[in-house]
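In what follows, a single structure is set out as structure tokens and then discussed.
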Amino acid sequence: MMKEQWMEVLNNRPIALDTYEMTLHGKLASSMTQPGQFLHLKIGDGFRHVLRRPLSIADVDQEDQTVKIIYKVIGEGTKWLSQAKPGNQIHVLGPRGHGFPVENVADQHIYLIGGGVGVPPLYYLGKQLAENNRVTAVLGFQTKDAVFYEEKFQELGETMILTDDGSYGKRGLVTDVLESKMDLYYSCGPLGMLHAVTRKLNDVKGYVSLEERMGCGIGACFACVCKTTDPNDERGYRKICKDGPVFPAKEVVLWQI
Amino acid sequence: MMKEQWMEVLNNRPIALDTYEMTLHGKLASSMTQPGQFLHLKIGDGFRHVLRRPLSIADVDQEDQTVKIIYKVIGEGTKWLSQAKPGNQIHVLGPRGHGFPVENVADQHIYLIGGGVGVPPLYYLGKQLAENNRVTAVLGFQTKDAVFYEEKFQELGETMILTDDGSYGKRGLVTDVLESKMDLYYSCGPLGMLHAVTRKLNDVKGYVSLEERMGCGIGACFACVCKTTDPNDERGYRKICKDGPVFPAKEVVLWQI
Amino acid sequence: MADLNVSLPGLNLKNPIMPASGCFGFGREFSEFYDLNQLGAIVIKAATGEARYGNPTPRVAETPSGMLNAIGLQNPGVDQIIEKELPFLESFDVPIVANVAGSTVEEYVEVTEKISRHPVIQAIELNISCPNVKEGGIQFGTDPKTAAHLTEKVKEVSEKPVYVKLSPNVTDIVEMAKAVADAGADGLSMINTLTGMRFDLHKKRPIIANETGGLSGPAIKPIALRMIYQVRQALDLPIIGMGGITSAEDVVEFLLAGADAVAIGTANFLDPYICPNVIESLPNTLEKYGFSSVQECRLKGE
Amino acid sequence: MADLNVSLPGLNLKNPIMPASGCFGFGREFSEFYDLNQLGAIVIKAATGEARYGNPTPRVAETPSGMLNAIGLQNPGVDQIIEKELPFLESFDVPIVANVAGSTVEEYVEVTEKISRHPVIQAIELNISCPNVKEGGIQFGTDPKTAAHLTEKVKEVSEKPVYVKLSPNVTDIVEMAKAVADAGADGLSMINTLTGMRFDLHKKRPIIANETGGLSGPAIKPIALRMIYQVRQALDLPIIGMGGITSAEDVVEFLLAGADAVAIGTANFLDPYICPNVIESLPNTLEKYGFSSVQECRLKGE
Ligand SMILES: Cc1cc2nc3c(=O)[nH]c(=O)nc-3n(C[C@H](O)[C@H](O)[C@H](O)COP(=O)(O)OP(=O)(O)OC[C@H]3O[C@@H](n4cnc5c(N)ncnc54)[C@H](O)[C@@H]3O)c2cc1C
Ligand SMILES: Cc1cc2nc3c(=O)[nH]c(=O)nc-3n(C[C@H](O)[C@H](O)[C@H](O)COP(=O)(O)OP(=O)(O)OC[C@H]3O[C@@H](n4cnc5c(N)ncnc54)[C@H](O)[C@@H]3O)c2cc1C
Ligand SMILES: Cc1cc2nc3c(=O)[nH]c(=O)nc-3n(C[C@H](O)[C@H](O)[C@H](O)COP(=O)(O)O)c2cc1C
Ligand SMILES: Cc1cc2nc3c(=O)[nH]c(=O)nc-3n(C[C@H](O)[C@H](O)[C@H](O)COP(=O)(O)O)c2cc1C
Ligand code: FES
Ligand code: FES
């Protein structure tokens with residue numbers, strides 16, 4: 001269950017502004033069945049970069065043993081990834097964490113609510129949900145050039161694109177279009193968005209996927225904790241890398257400091 | 001005159017125990033006319049390795065714009081070099097320093113005295129000297145498997161190989177076979193060998209090439225100094241990276257600390 | 001094959017490699033990667049008197065060949081650790097070192113008293129140096145008198161040998177080492193992290209919510225080696241060395257500097273198998289440099 | 001284009017980038033790579049009263065993302081520097097900062113007196129922190145009283161503003177900064193190198209002949225940023241920041257931490273063009289993070 005492996009880059013291409021889709025191949029792919037889990041990737045040679053980078057599983061093809069990740073170039077790690085060429089090997093630890101619960105979810109009308117690079121894990125999730133449910137995707141991006149995977153989501157169900165600057169789709173925030181009469185929602189994106197979404201859909205059952213800077217990525221270092229909402233919770237915190245990154249929306253505190 | 005450039009690896013192959021010959025291609029090669037100079041190579045990406053590695057020019061082909069270096073795998077830098085593949089780019093600063101004086105050297109019987117990875121610069125030197133002089137090479141290695149370039153030196157003149165353990169050629173040290181009745185010698189190798197050679201050939205004019213751990217490699221940091229023998233020398237020291245690495249045998253102190 | 005055994009106060013080690021405190025939790029997560037019985041010892045996460053939530057996040061940041069952390073001693077408190085974590089560790093045949101922290105002398109004493117009684121605990125590592133918690137950490141670790149007083153009080157109650165873990169954020173590490181040695185420390189553990197900072201260029205503020213954090217990883221290796229060497233010249237006390245170890249070569253370097261055993265921290269994050277990997281390659285590495293045992297290598301440095 | 005001008009005591013800089021002392025000699029070698037007029041300023045190699053040969057070799061060693069050096073203040077002495085090196089620097093339109101070192105207060109005073117008179121010298125950087133020379137360096141840099149006394153004496157004779165270069169090898173950097181500020185320092189320069197060590201596994205001894213050396217390069221960047229930040233919170237004095245800078249992003253980070261200008265040392269060795277490259281990319285980098293000038297970025301950190 002705890003696995004690490006070199007995976008081979010099959011493809012690595014820009015799909016939007018500063019955003020790349022990388023296809024990795026390797027046996028590890030066969031364990032990547034749960035949407036919302038992440039891969040923990042080693043950057044570069046040796047120990048120049050002592051921390052791995054967490055990136056969500058965006059899609060998996062079990063037959064080909066391939067997994068797709070979609071990442072935005074932010075700093076040194078993602079820049080290094082963006083320069084990888086087909087044939088390069090990348091050291092991967094994963095799949096890590098607990099993803100979106102999908103078992104026994106059927107005949108529901110479901111929101112997939114994503115913001116920016118929070119969108120990728122929703123795609124693999126949507127593919128699984130769309131089989132037995134009605135799926136509506138609400139995806140927010142900063143600007144037109146940042147939009148990706150619109151058509152792929154359209155294949156799964158109704159898809160609304162919003163941009164902050166109105167350069168594509170509707171102008172505004174995802175919360176502008178959300179309605180409460182849904183059965184279930186799954187959301188991934190910046191903390192501010194998640195916070196707004198959970199408030200707006202207060203009466204709807206939902207799951208959110210959180211981000212935090214990680215040390216170990218396996219639950220040993222306490223770098224990635226968040227607080228629980230229940231003051232009587234036995235521990236009072238959750239580890240995002242291990243207990244999460246996906247939590248029931250009501251379980252964790254989204255707005256702190 | 002101060003140049004730096006990406007050069008392309010054309011070939012990188014083991015030629016002896018832990019010893020590789022790398023062929024680099026690039027415009028920089030055209031400035032590499034002086035034997036005994038060195039290249040200053042960047043190791044890896046970014047600033048993980050803040051110091052460049054000095055490696056002697058072993059051969060140059062002006063027509064093809066290629067240069068050869070021969071290096072022994074010692075630590076992280078040379079290990080990284082040994083893993084370079086044809087097509088890889090390596091950042092090179094050079095040629096650096098002052099090499100072996102060859103101008104106006106003609107009709108002399110000359111020793112080329114090398115030890116281990118001190119042998120490489122003597123090959124490019126020998127090629128230039130052999131045109132107008134009689135050359136005798138005396139090359140010492142630790143053991144049979146460490147020997148390289150024997151045939152190439154034989155093309156230049158008489159060549160004696162010695163090994164510490166007697167597993168190839170004559171057993172012993174280069175000084176065991178050196179004779180004083182030569183006109184000139186050029187030597188490169190471990191400090192202990194250089195010291196013994198200069199003592200044994202005390203009456204012969206000679207040049208030695210020195211090694212020292214370098215900071216800048218361009219004469220700015222004073223990491224690589226050695227003392228001069230003349231107590232009245234204006235400065236009292238020489239910078240190996242800039243004034244050297246080659247010095248008249250009598251100019252610098254070879255045994256200190 | 002080179003002999004890896006090391007015998008230190010309270011610790012009979014089958015090899016000199018142990019994961020460092022705070023980088024290995026209480027062993028559970030890593031036990032899913034490999035058999036913990038391979039380890040020389042395990043240093044568990046700091047224990048305090050009561051449960052602590054620690055600092056706000058972000059708690060870590062990357063730096064060149066290193067990282068900053070400001071976890072802030074998050075732990076379930078000594079009673080919960082004894083009740084819930086130590087039983088799990090009992091199932092392994094590996095000496096466990098308990099890292100003890102606190103905000104007051106009384107807290108340190110209380111925690112030591114409780115945890116040193118537990119049969120699975122073979123030694124105490126006194127964390128006088130955690131620079132992240134404002135209410136005392138810095139004081140204990142940087143003032144020789146305070147450190148000595150704390151050591152004395154903890155020694156009075158400890159049922160197991162006490163290794164004092166020194167902070168490198170001091171002008172004179174030898175003075176600190178001597179102070180705790182005179183106060184009765186059975187050994188030293190060094191070094192803890194150096195205080196550092198990084199800034200988030202987008203947010204224009206420190207990356208770490210706590211502003212400063214502790215620097216660890218290969219970046220600090222030369223500082224760790226220097227401090228161990230200086231202390232070794234001055235004192236005979238056993239030293240558990242740490243700071244940036246990532247390979248068997250690094251271990252040899254620490255032994256030459258004067259360490260008797262070593263701990264590996266940050267490197268566990270990049271490579272969860274680092275400890276067994278280093279243990280596996282240590283015999284060959286020792287032999288490559290002409291040593292037939294850890295002991296021989298350690299003495300060579302003198 | 002973002003405004004790069006910075007105005008500090010004695011130093012009107014067209015940009016905040018200068019090569020750090022000891023990593024640039026007296027400029028000659030680098031003048032063969034690029035036009036030195038591009039630089040904000042140049043800090044020349046330490047000058048002492050008499051010529052010094054320095055330490056035995058090896059004098060440098062590599063460490064992860066850093067290096068150790070123990071040059072030992074090799075220099076031709078202040079008189080030769082004035083006679084042979086400064087005339088060359090006169091031909092450039094760049095402020096020159098003289099780094100002054102010594103083994104006694106008298107030596108510092110003598111060197112400052114001589115070199116601060118030279119018209120090409122715009123400021124003095126008082127190197128109280130070089131940890132390599134046994135006969136005094138460590139004292140000056142780690143004891144606040146001694147540092148203050150030295151600063152006072154040097155200020156008495158200096159014809160140019162004096163920047164005191166602080167050593168990071170101290171428990172409390174703010175205490176050191178305050179001491180020299182009270183003694184009249186016009187500015188601070190920080191940080192110098194951290195004392196470190198590496199061992200040669202083959203030779204079983206320290207790589208550096210002097211045993212210990214000063215750690216510099218990206219590895220120490222988080223420590224430099226932390227110290228600059230702490231001093232900036234406590235004092236208003238101008239700070240020339242340094243320690244591991246290799247990019248325009250790093251410069252922005254140092255400005256946010258509280259530095260007014262920066263120096264680049266070790267990075268010159270790997271990339272001789274690093275200073276002009278950083279200067280060239282600085283305007284765009286500042287703009288990328290929303291700043292229209294160095295000044296604005298610097299103030300944002302407050
Ligand atoms: C569970 C999880 C899933 C994620 N999935 C995706 C994804 O599918 N696509 C995507 O583009 N991004 C994703 N992120 C964010 C991604 O991890 C960061 O953008 C990335 O680590 C930045 O690395 P860098 O080296 O380029 O940036 P740098 O700023 O140079 O990184 C320095 C350090 O900070 C960490 N860091 C910086 N930003 C973040 C962040 N937002 N979250 C966590 N760590 C950060 C890095 O991991 C690294 O340790 C995810 C984050 C988490 C926690
Ligand atoms: C002018 C000159 C010419 C040289 N020519 C050759 C050659 O043609 N072939 C060859 O195999 N070797 C040559 N050397 C030695 C070569 O530079 C070192 O073996 C190499 O730098 C080791 O690097 P590393 O990273 O593998 O070792 P590491 O030990 O990991 O290197 C760490 C640091 O120490 C330095 N270093 C280690 N050993 C030496 C050494 N012997 N001399 C100088 N610096 C050292 C490295 O450059 C680096 O900065 C030459 C050295 C000099 C000074
Ligand atoms: C995330 C993290 C948490 C740590 N927590 C503790 C701790 O609880 N107690 C302690 O004494 N040291 C703690 N340390 C310090 C390490 O035990 C070790 O001394 C230091 O990191 C240097 O070793 P390294 O470079 O191998 O990581 C922690 C280090 C890290 C990186
Ligand atoms: C080889 C070398 C020589 C140095 N010589 C001096 C010196 O003479 N005087 C001084 O004040 N600092 C000296 N320093 C310290 C640098 O000026 C600088 O403070 C330090 O290296 C940190 O910056 P960096 O990480 O950019 O190198 C030297 C540093 C190096 C690497
Ligand atoms: S990253 Fe270490 S516990 Fe989550
Ligand atoms: S290596 Fe810097 S002067 Fe020679």
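Small disclaimer: the values here were computed from a predicted structure and weren't measured. We use all heavy atoms of the structure for the numbers below, so side chains are in, but hydrogens, waters and symmetry mates are not.
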Between side-chain atoms of residues 251-263 of chain C and protein atoms elsewhere (two or more places apart, or another chain), which donor-acceptor pairs fall under 3.5 Å?
from: E253(C); atom 1: OE1; to: K221(C); atom 2: NZ; distance (Å): 3.4
from: E253(C); atom 1: OE1; to: R198(D); atom 2: NE; distance (Å): 3.3
from: E253(C); atom 1: OE1; to: R198(D); atom 2: NH2; distance (Å): 3.0
from: E253(C); atom 1: OE2; to: R198(D); atom 2: NE; distance (Å): 2.5
from: E253(C); atom 1: OE2; to: F199(D); atom 2: N; distance (Å): 2.9
from: D260(C); atom 1: OD1; to: R298(C); atom 2: NE; distance (Å): 2.8
from: D260(C); atom 1: OD2; to: R232(C); atom 2: NH2; distance (Å): 3.0
from: D260(C); atom 1: OD2; to: I239(C); atom 2: N; distance (Å): 2.8

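- Between K165(D) and I128(D) there is no side-chain heavy-atom pair separated by less than 4.5 Å.
- Between the side chain of E175(D) and the backbone N or O of P144(D), no donor-acceptor pair lies under 3.5 Å.
- Contacts of L201(C) with chain D are made by both backbone and side-chain atoms, with heavy-atom separations under 4.5 Å.
- Ranking T63(C), D172(C), V170(C) against chain D, the residue ahead of the rest is V170(C), based on heavy-atom pairs under 4.5 Å.
- At a threshold of 4.5 Å between non-hydrogen side-chain atoms, the residues I228(C) and M190(C) count as touching.
- Only the side chain of E211(C) comes within less than 4.5 Å of a heavy atom of chain D; its backbone N, CA, C and O stay farther away.
- Ranked by heavy-atom pairs shorter than 4.5 Å toward chain D, the options P64(C), A219(C), A61(C) are led by P64(C).
- Contact tally against chain C (heavy-atom pairs below 4.5 Å) for G244(D), P218(D), A224(D): the top residue is P218(D).
- For the pair K203(D) and Y289(C), the NZ or CZ position fails the cation-pi test of under 6.0 Å to the six-membered ring centre and within 45 degrees of the ring normal.
- Heavy atoms of I223(C) lying under 4.5 Å from chain D belong to its backbone as well as its side chain.
- Chain C forms the most heavy-atom pairs under 4.5 Å with one residue out of P168(D), S65(D), G290(D), G66(D), and that residue is S65(D).
- A donor-acceptor contact closer than 3.5 angstrom is absent between the side chains of T171(D) and T142(C).
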